[in-house]
Amino acid sequence: MAARNSDVNLGLTRADVTPKSLWLNRRALLAGAGALSLAGALPARAAAELTPNSLEEITSYNNFYEFGFDKEDPARHAGALTTSPWSVEIDGLVDRPGSYALEDLLAGLKVEERIYRFRCVEAWSMVIPWNGVPLAALLEKVGVQSGAKYVRFESLARAEEMPGVAAGLLDFPYREGLRLDEAMHPLTLLATGIYGEPMPKQNGAPIRLVAPWKYGFKSAKSLVKISLTDTQPETTWQKLQPREYGFYANVNPNVDHPRWSQASERVIGGGLFAKRVDTLMFNGYEDQVAGLYKGQDLAADY
Ligand code: MTE
């Protein structure tokens, strides 16, 4: 992954600056803030800034290497992806392992609206209004066994429908992981939609991970397998470049990527008014998640 100049140009020349303001009603804002406050107080400044990007922005500037390297590739190629039927394999240290039809896996779980900041390790950011179920609710449903310490996520790798997989752009399937306490945190979501619509294919249909205090690469898309393990899972990016992409990948303005600063970020959208803002510790979710890392050296555990 590289913060390339072309990324910057794309953001600055974007013509569509209209947020989906019709959708952004008071109810949705309250739902987002309410969900967050469950996990702790949301700083007034953070709450005021959560104006979502437009659907056009969210669906036309993506990282999804299964469809190609360029930010436009997912929108260009993901339309061919078959997302129904879809099944997710649950295995490892769980009481009820198996291959679940997505509908069965989600049955009985309440879909919530969450407006989250999204910060890519490449130093750009958006605000995205997700719909989804807390990962904790799903893990409780399948029954986590006492020896489990981590959760491993695996994305679809279907060469016939994914040109980036066919071309071998990365070591697919895309793999990610969380520590069990991170996975059980109330902020951690399995997202199934954006703006109240089913998940757009380029954003990881039909179901993807979202952990808003971590760099975006942790949030694996189009999940086909979730495993409970007792050892830290190997992840795609860590395996490729361990010095650049750590397992934790918590957003941290004080720990730079070896090749660029993480102190600030380019806000996607706004056309000519696109701005750079300071990056917030844990992407603005410090009050909610700092406790997970008590006693850890965040520079060593990057
Ligand atoms: N998941 C899969 N399977 N493949 C990917 O290439 N890219 C990651 C993450 N999840 C990626 C993935 C990266 S680097 C980012 S920043 C986010 O998805 C981008 O999510 P978005 O396109 O919905 O904004």
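Whatever order the structure lists ligands and atoms in, that order sets their numbers, starting from 1.
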Participant: If the test is side chain to side chain contact (heavy atoms under 4.5 Å, CB included), which one of L298, N250, V251 qualifies with M281?
Facilitator: L298

Participant: May I ask you to identify, for R208, whether its side chain, its backbone, both or neither come under 4.0 Å of ligand 1 on a heavy-atom basis?
Facilitator: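 Contact part for R208 vs ligand 1: side chain (C-beta onward).
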
Participant: Using the six-membered ring of F247, assess whether NZ or CZ of K218 lies under 6.0 Å from its centre and within 45 degrees of the ring axis.
Facilitator: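 Flagged: K218 positioned over aromatic ring of F247.
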
Participant: Could you tell me how the ring of W237 sits relative to the ring of Y65: parallel (under 30°), tilted (30 to 60°) or perpendicular (over 60°)?
Facilitator: perpendicular

Participant: Just let me know how E66 lines up against ligand 1, side chain, backbone, both or neither, with a heavy-atom cut-off below 4.0 Å.
Facilitator: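 For E66, only side-chain atoms sit under 4.0 Å from ligand 1.
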
Participant: What side-chain hydrogen bond (donor to acceptor under 3.5 Å, both in side chains) pairs are there with at least one residue in residues 142-151, not counting sequence neighbours?
Facilitator: D95-Q145

Participant: Taking only residues at least two apart or on different chains, which pairs with a member in residues 154-163 satisfy side-chain hydrogen bond (donor to acceptor under 3.5 Å, both in side chains)?
Facilitator: T82-E161, R152-E154, R158-E161

Participant: Run the numbers for me: atoms of ligand 1, each under 4.0 Å from some heavy atom of A220, listed by number.
Facilitator: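 Near A220, the atoms of ligand 1 are 1 (N), 10 (N).
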
Participant: Backbone, side chain, both or neither: what part of Y215 comes under 4.0 angstrom of ligand 1, heavy atoms only?
Facilitator: neither

Participant: Under a 4.0 angstrom heavy-atom cut-off, which atoms of ligand 1 come close to N62?
Facilitator: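 Counting atoms of ligand 1 from 1, those under 4.0 Å from N62 are 21 (P), 22 (O), 23 (O).
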
Participant: Show the atoms of ligand 1 that are less than 4.0 angstrom away from any heavy atom in C120.
Facilitator: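 Counting atoms of ligand 1 from 1, those under 4.0 Å from C120 are 16 (S).
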
Participant: Do any nitrogen or oxygen atoms of W237 lie less than 3.5 angstrom from nitrogen or oxygen atoms of ligand 1?
Facilitator: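 No, since none of the N or O atoms of W237 sits under 3.5 Å from an N or O of ligand 1.
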
Participant: Consider ligand 1: state whether an atom of it lies below 4.0 angstrom from any non-hydrogen atom of G204.
Facilitator: no

Participant: Using heavy-atom distances, let me know which of S155, G216, S219, S222 sits nearest atom 15 (C) of ligand 1.
Facilitator: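 The residue whose heavy atom sits nearest atom 15 (C) of ligand 1 is G216.
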
Participant: Considering distance alone, does some N or O of Y65 sit under 3.5 Å from an N or O of ligand 1?
Facilitator: yes

Participant: Just so I know, are the side chains of V133 and E112 near enough to count as touching, which here means a heavy-atom distance under 4.5 Å?
Facilitator: no

Participant: Does atom CZ of R96 have more than 12 heavy-atom neighbours, drawn from other residues, nucleotides or ligands, at distances under 6.0 Å?
Facilitator: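 Check passes, neighbour count above 12.
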
Participant: Evaluate Y61 for polar contact with ligand 1, using N/O atom pairs at a separation under 3.5 Å.
Facilitator: no

Participant: Between Y245 and F217, does the ring centre distance come in under 6.0 Å?
Facilitator: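 Yes.
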
Participant: Heavy-atom contacts with F118 under 4.0 Å: which atoms of ligand 1 show up? List them by number with element.
Facilitator: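 Close to F118: 16 (S), 17 (C), 19 (C), 20 (O), 24 (O).
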
